[in-house]
Amino acid sequence: MRPAEWLRTNSERYLLEAAQRSMAAQHYGKAALPPPAPGGVFWRRAFVPVYRRLPWSLKHRIITAMPGSHRRRWRAFDDDPRQPGI
């Protein structure tokens, strides 16, 4: 796994986990939350809180600077080879 892919995978995982825990606590109370999975101390205690405090403009610049699938462009509908020509 490439470093950029590893970074994206881990950041997505722990941001999603934090969002799910936040929603569960808001709607069901803290008693309904299972303990978090072991590991990931840096991601839970440092990355997620810092990322949540960053302004969107900075997040956007960081995301666009990273290599990855977000740079791919959608193909035009007319370019789809599965569509029959008219």
Side-chain angles (χ1 to χ4, degrees):
M1 183 180 289
R2 296 183 325 230
E5 187 178 350
W6 175 84
L7 177 64
R8 184 179 64 244
T9 301
N10 280 313
S11 61
E12 286 176 354
R13 173 185 174 189
Y14 289 103
L15 287 168
L16 176 62
E17 178 187 282
Q20 289 172 337
R21 292 183 67 75
S22 175
M23 292 294 291
Q26 181 181 356
H27 294 284
Y28 301 112
K30 294 199 182 275
L33 295 175
V41 173
F42 163 77
W43 294 97
R44 287 187 189 99
R45 298 200 185 253
F47 176 78
V48 171
V50 169
Y51 185 84
R52 285 182 169 177
R53 287 181 179 87
L54 292 176
W56 171 246
S57 59
L58 180 58
K59 290 179 193 178
H60 185 354
R61 279 187 273 161
I62 292 169
I63 290 168
T64 55
M66 297 287 293
S69 61
H70 66 277
R71 293 179 183 256
R72 294 183 190 149
R73 299 288 178 227
W74 288 89
R75 288 179 21 179
F77 180 74
D78 297 338
D79 295 340
D80 192 348
R82 295 173 295 169
Q83 297 296 324
I86 296 177

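Numbering starts at 1 and runs along the sequence shown. Excluded from the calculations below are hydrogen atoms, water molecules and symmetry mates; all remaining heavy atoms, backbone and side chain alike, are included.
Put simply, CG on Leu58 and CZ on Arg53 are 14.5 Å apart, with the number rounded to the nearest 0.5 Å. Residue Arg13 holds its CZ atom at 10.5 Å from CH2 of Trp43, rounded to the nearest 0.5 Å. To the nearest 0.5 Å, the span separating CZ on Arg52 from OG on Ser22 amounts to 5.5 Å. Separating the OH atom in Tyr51 from the CG atom in Leu15 is a distance of 6.0 Å, to the nearest 0.5 Å. Rounding to the nearest 0.5 angstrom, the gap separating the NE2 atom in His60 from the CG atom in Leu54 is 14.5 Å. If you take CG on Asn10 and CD on Glu5, they are separated by 11.0 Å, rounding to the nearest 0.5 Å.
The hydrophobic cluster containing Val50 does not contain Leu16, counting ILVMFWY residues as joined when their side-chain heavy atoms lie under 4.5 angstrom apart, directly or transitively.
For the pair Tyr14 and Arg44, the tightest heavy-atom approach, listed with the atom from each and the gap, is CE2-NH2, 3.6 Å. Looking at every heavy atom in both residues, Pro49 comes nearest to Arg45 through CG-O, 3.6 Å.
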